There are 2 protein chains.
Amino acid sequence: MRLSTKGRYAVTAMLDLALNEGKGAVTLADISVNQGISLSYLEQLFAALRNKELVRGVRGPGGGYYLTRGADEITVADIICAVDEWVEFTRCGGRENCHAGSRCLTHSLWDELSEEIFNFLKGISLADLVERGQARIEAAKEKKAKVGSISSQERAA
Amino acid sequence: MRLSTKGRYAVTAMLDLALNEGKGAVTLADISVNQGISLSYLEQLFAALRNKELVRGVRGPGGGYYLTRGADEITVADIICAVDEWVEFTRCGGRENCHAGSRCLTHSLWDELSEEIFNFLKGISLADLVERGQARIEAAKEKKAKVGSISSQERAA
DNA sequence: CAAGTTACCTAGCAATTTACTCGGGAATTA
DNA sequence: TAATTCCCGAGTAAATTGCTAGGTAACTTG
């Protein structure tokens, strides 16, 4: 039970792309220097992000990475799902038969927790992080508590 | 970023104790058979639980483990904190200097997430799990949503 | 075209964690 | 004394994390 830095690295790197939106490509070398992450490790993370079609790479001089969608259409959950296995979350696991009562109880507890975490991360887009910084996170929480459903497209500006 | 089964094992085992509250000690051998967890692994988990004074062990025939407090005074968060390192959660981490802007943003995001998870787990006691099973979990979420913390269950969206 | 730049790919590594086995104790009860 | 049960430490295979090393492929510019 730990929040590894892997997902955080990915989110941080994606934030670098979002901050540069509309201003050309961002090279991994830049991100590596900016964020203090090893270049090869970044390449691995971005391979995963590419697979999930969150970023697009352009080779050659002047190349680098772009977001494939707007920063408001990419959530933190998307990023973390891409780089982490996330196996026991959402729906991928949890299909064990529940024979013993207490085992069943903890299974449903874990499912609930997974959903909590997932929904929280799904409610925060890159644009949220960019535009308003930490204050925005609080807002996302308020919004979720009120509405109960998340659509990151409505920017309450 | 994964929810390991370690904490789940511990919660499950503690549930066994809670289910037997007032009916004498529960041996690790029993739990091992009931839950299909290796005895030695249970011993390690219970060593941690003992350190945090969540359980009390009694040796000799007729011995076993008791909860040191009522099941309503032990939360899932207590249990998981005892057996997991939980390092990057709550407050233990996050005291890094935030130089780069995007790094700072993700740090605060991670702090928020940690607190979300912690609060969720803190809101569920062993008694909750025992008395009402899964229904109780929903109730805990409702309670929290009212107070304004987080939570929103829109399953099967 | 050639050279440089950048993405892309594969392999391997040390450290840590997980879940487990083994082999002993030490305290308590009968 | 003997059985039971907690207690303790060492060791292990597999997986994960974060990283290094050493390539190849595509693209742009001089």
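Each chain gets a letter, A, B and so on, in the order its sequence line appears, and its residues count up from 1. All values reported here derive from a predicted model rather than from experimental measurement.
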Please determine whether any donor N or O and acceptor N or O are separated by less than 3.5 Å between the side chain of E43(B) and the base of dC6(D).
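Per atom types, no contact qualifies.
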
Using a 3.5 Å distance criterion without hydrogens, assess whether the side chain of [X] forms a donor-acceptor pair with backbone atoms of [Y].
X: N20(A); Y: G24(A); value: yes
X: S125(B); Y: E73(B); value: no
X: E21(B); Y: A71(B); value: yes

Any chance you could measure D16(B), atom CG, to L42(B), atom CG, to the nearest 0.5 Å?
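It comes to 9.5 Å.
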
Could you measure the distance from the CD1 atom of I74(B) to the CG atom of D128(B)? Nearest 0.5 Å is fine.
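Output value for this atom pair is 12.5 Å.
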
Check the distance between [N]'s [atom2] and [X]'s [atom1] and give it to me in whole angstrom.
X: Y65(B); N: dT5(D); atom1: OH; atom2: C1'; result: 9 Å
X: Q44(A); N: dC19(D); atom1: CD; atom2: P; result: 10 Å
X: L39(B); N: dT5(D); atom1: CG; atom2: C1'; result: 10 Å
X: F46(A); N: dC8(C); atom1: CZ; atom2: P; result: 10 Å
X: K6(A); N: dT17(C); atom1: NZ; atom2: P; result: 16 Å
X: L45(B); N: dC8(D); atom1: CG; atom2: P; result: 15 Å
X: N51(A); N: dC9(C); atom1: CG; atom2: C1'; result: 12 Å

Which residue lies more 5' along DNA chain D, comparing S40(B) with S40(A) via nearest heavy atoms:
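Here S40(B) is the residue nearer the 5' end.
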
Just N and O in the side chain of [X]: are any of them under 4.0 Å from OP1 or OP2 of [N]?
X: S38(B); N: dT21(C); result: yes
X: Y41(A); N: dA21(D); result: no
X: R50(A); N: dC9(C); result: yes

Residues in contact with DNA chain C, drawn from residues 54-64 of chain A - heavy-atom cutoff 4.0 Å
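Heavy-atom cutoff 4.0 Å gives G57(A), V58(A), R59(A), G60(A), P61(A), G64(A).
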
In residues 21-32 of chain B, what residues come within less than 4.0 Å of DNA chain C, judged by heavy atoms?
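Those residues: none at all.
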
Does a side-chain heavy-atom distance below 4.5 Å link L17(B) with I31(B)?
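Touching, per the 4.5 Å side-chain cut-off.
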
Which pair of non-hydrogen atoms, one from T75(B) and one from K122(B), has the smallest distance, and what is that distance?
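Heavy atoms only, the tightest pair is CG2-O, 3.4 Å.
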
Work out which heavy atom in L39(A) is nearest to a heavy atom in A29(A); give both atom names and the distance.
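Closest pair (atom of L39(A), atom of A29(A), distance): CD1-N, 3.8 Å.
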
Less than 3.5 Å apart, which donor and acceptor atoms pair up between the side chains of residues 43-67 of chain B and the rest of the protein, not counting sequence neighbours?
{"residue": "R50(B)", "atom": "NE", "partner": "Y65(B)", "partner atom": "OH", "Å": "3.4"}
{"residue": "N51(B)", "atom": "ND2", "partner": "A47(B)", "partner atom": "O", "Å": "3.4"}

